[in-house]
Amino acid sequence: MPGVSRVNLEGGRPREVRVTFDPAVIGFAALLAIFFAMHDPTTINRQGADVGTQYRSASFYHSPEQKQIAEAKIAELIAAEERRQQVGE
């Protein structure tokens, strides 16, 4: 059943959220796009005003196909950032 569950919320430890989804409704690539639009993985141990090691960044996959999709999305974001830096934005 689609949903979100909190896996770990103990202080000082990484926050974990498990997202269960129906790929017929929304695909893994779309979920990654949302994740990266809302989350900046380049800020180490920080998200916005929140600071600490519990704000480390990670996303996980459950199949070789999801791994390939995740790696492609990350490569796309890296290439876009490199282009942005070349233009001087």
Side-chain angles (χ1 to χ4, degrees):
M1 174 178 347
V4 175
S5 60
R6 292 183 216 162
V7 177
N8 177 354
L9 294 178
E10 293 180 31
R13 297 186 63 195
R15 297 332 193 224
E16 299 173 33
V17 176
R18 179 173 294 135
V19 177
T20 307
F21 65 99
D22 180 349
V25 176
I26 186 168
F28 187 66
L31 288 174
L32 282 175
I34 294 166
F35 174 75
F36 285 118
M38 296 175 43
H39 175 77
D40 181 359
T42 66
T43 54
I44 298 172
N45 295 336
R46 173 181 211 111
Q47 280 303 308
D50 298 319
V51 178
T53 57
Q54 67 270 31
Y55 297 102
R56 290 173 278 190
S57 177
S59 63
F60 301 93
Y61 50 84
H62 294 280
S63 70
E65 179 186 16
Q66 286 182 352
K67 179 182 179 184
Q68 181 181 18
I69 292 167
E71 289 174 344
K73 181 63 177 174
I74 291 167
E76 173 188 320
L77 292 169
I78 290 169
E81 176 62 18
E82 288 172 351
R83 285 191 302 275
R84 188 188 68 74
Q85 289 179 1
Q86 287 174 352
V87 173
E89 293 180 2

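What you see below is based on every heavy atom in this structure, not just the backbone, and it leaves out hydrogens, waters and symmetry mates.
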Quiz: residues 68-83 side-chain donor-acceptor pairs under 3.5 angstrom, not counting sequence neighbours:
residue, atom, partner, partner atom, Å
K73, NZ, E76, OE2, 3.2
E81, OE1, R84, NE, 3.0
E81, OE1, R84, NH2, 3.4
E81, OE2, R84, NH2, 2.6
E81, OE2, Q85, NE2, 2.9

Who passes ring pair (Phe, Tyr, Trp, His ring centres under 6.0 Å) against F35, sequence neighbours left out?
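Only H39 meet the ring pair (Phe, Tyr, Trp, His ring centres under 6.0 Å) criterion with F35.
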
Would you be so kind as to tabulate the donor-acceptor pairs closer than 3.5 Å made by side chains of residues 23-30, with sequence neighbours excluded?
none

